[in-house]
Amino acid sequence: VPPATDLVLGATAGCLACFLTNPLEVVKTRLQLQGELQAPGTYPRPYRGVLRATVAVCRADGLWGLQKGLAAGLLYQGLMNGVRFYCYSHAEDAGWTEYPGGTVAAGAVAGAVGAIVGSPAYLVKTHLQAQTLSAMAVGHQHNHESITSAFKSIYQQHGVVGLWRGVTGAIPRVMVGSAVQLSTFAFAKDWVCERQWFRKGSWAAVLAGGMVSSVAVAVAMTPFDVISTRLYNQPVHADGTGKLYRGFLDCILQISNKEGLLGLYKGIGAVYFRLGPHTVLSLFFWDKLRNMVQ
């Protein structure tokens, strides 16, 4: 499949998966912001676990609250996944994935480029998904009225640079996630086919590859996901610098010191339940769309 076609297919696959998994993204964001920079057991917990947090979101924001930030999420997935799969397809055509470690490296580089391109959309998505009633609020509340007003407000206050605030957390997040996802998916799919458990090109082989990827991605990516959410959502000074964290490393140190190492794994249940279906669906749609085009 030509890289340009993979761009469209990757964007389409990511958007289809996003529409189905966005409720878990909302829950994940709330869990990761809960108890920000506070010691365990010293703060109220309106969100407890994935299922109870889902119910809490519905009670506070209504059923449609589970789709908060959907437009920004779709924009992010379209940009990030389109660029990511485009770059990965180029790497495949160039033969880079045939070298030892080539799949991991190609996935990481493709993820980094995708993260940079999609960062403004992820920033707005995080702001919108964190917003709720004051009684249920966790993290800083930016109080945007819509995706359009969010982009406009950020641009007017901090310029173009402000739209890429928090990208230092997004790049390692997507690099790690993309490298693990694409490498384990390709390996697992080939592995089950070689052992003749599933027929090559079958939906079962694709799903098996995706399920293995989702476990690996959740374990490797959650700390980076927490850091990314915190950097994107923190309040900022007039000059655009963060009021809570100076950057990626400072965020790691502050969370570890004040919330403990387990603070870096906040919301891992929601991360897996969101990444599991999202990984399976996005890679399944991508693989099947590719086959249709071929």
Side-chain angles (χ1 to χ4, degrees), residues 14 17-38 40 43-70 72-74 76-77 80 121-133 136-141 166 169-170 172-174 176-178 180-181 210-234 251 255 259-283:
C18 175
F19 182 78
L20 297 172
T21 61
N22 191 66
L24 287 166
E25 184 73 12
V26 174
V27 171
K28 181 211 74 172
T29 300
R30 303 280 178 90
L31 288 169
Q32 290 178 340
L33 291 172
Q34 185 169 249
E36 186 169 17
L37 299 183
Q38 298 178 62
Y43 55 86
R45 294 176 59 195
Y47 307 101
R48 294 173 178 267
V50 178
L51 291 177
R52 291 172 70 179
T54 302
V55 173
V57 172
C58 290
R59 285 177 176 172
D61 305 310
L63 192 60
W64 185 244
L66 290 171
Q67 287 292 10
K68 276 197 170 186
L70 178 61
L74 290 171
Y76 170 73
Q77 289 296 334
M80 191 275 291
Y122 198 94
L123 171 68
V124 171
K125 178 194 74 68
T126 303
H127 288 185
L128 293 173
Q129 291 179 338
Q131 291 180 186
T132 186
L133 300 175
M136 300 293 288
V138 290
H140 182 71
Q141 300 292 291
R173 171 188 176 272
V174 181
V176 170
S178 185
V180 174
Q181 184 189 60
M211 288 307 295
V212 172
S213 289
S214 64
V215 176
V217 173
V219 172
M221 191 175 168
T222 297
F224 298 96
D225 203 43
V226 172
I227 293 164
S228 184
T229 298
R230 298 288 181 85
L231 289 175
Y232 275 127
N233 194 66
Q234 71 170 328
C251 188
I255 292 173
E259 301 176 47
L261 289 176
L262 289 180
L264 292 169
Y265 277 90
K266 277 188 175 179
I268 188 172
V271 170
Y272 174 74
F273 285 120
R274 178 257 171 192
L275 277 176
H278 192 277
T279 299
V280 172
L281 290 169
S282 61
L283 293 175

To the nearest 0.5 Å, what is the distance between [atom1] on [X] and [atom2] on [Y]?
{"X": "L128", "Y": "K68", "atom1": "CG", "atom2": "NZ", "answer": "8.5 Å"}
{"X": "L51", "Y": "F273", "atom1": "CG", "atom2": "CZ", "answer": "7.5 Å"}
{"X": "L66", "Y": "D61", "atom1": "CG", "atom2": "CG", "answer": "8.5 Å"}
{"X": "R59", "Y": "R52", "atom1": "CZ", "atom2": "CZ", "answer": "9.5 Å"}

Could you check whether any side-chain N or O of [X] sits under 3.5 Å from a backbone N or O of [Y], counting only pairs where one atom can act as donor and the other as acceptor?
{"X": "Y122", "Y": "T229", "answer": "no"}
{"X": "H127", "Y": "Y232", "answer": "yes"}
{"X": "Y76", "Y": "V124", "answer": "no"}
{"X": "R274", "Y": "P23", "answer": "no"}
{"X": "Q141", "Y": "T132", "answer": "yes"}

Closest non-hydrogen atom pair, L31 against G267 | CB-CA, 4.0 Å
Looking at [X], I want to see if its [atom1] is surrounded by more than 12 non-hydrogen atoms of other residues, nucleotides or ligands under 6.0 Å.
{"X": "L133", "atom1": "CG", "value": "yes"}
{"X": "Y43", "atom1": "OH", "value": "yes"}
{"X": "L262", "atom1": "CG", "value": "no"}

Would you please name every residue forming a salt bridge (Lys or Arg N to Asp or Glu O under 4.0 Å) with E259, sequence neighbours left out?
->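 If we apply the salt bridge (Lys or Arg N to Asp or Glu O under 4.0 Å) test to E259, skipping adjacent residues, the hits are R230, K266.
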Which residues share a salt bridge (Lys or Arg N to Asp or Glu O under 4.0 Å) with K28, sequence neighbours left out | E25, D225
Side chains of Q129 and N22, donor plus acceptor under 3.5 Å | yes
Only counting residues at least two apart or in another chain, list the ones meeting side-chain hydrogen bond (donor to acceptor under 3.5 Å, both in side chains) with S228.
->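 For S228, no residue satisfies side-chain hydrogen bond (donor to acceptor under 3.5 Å, both in side chains) once neighbours in sequence are set aside.
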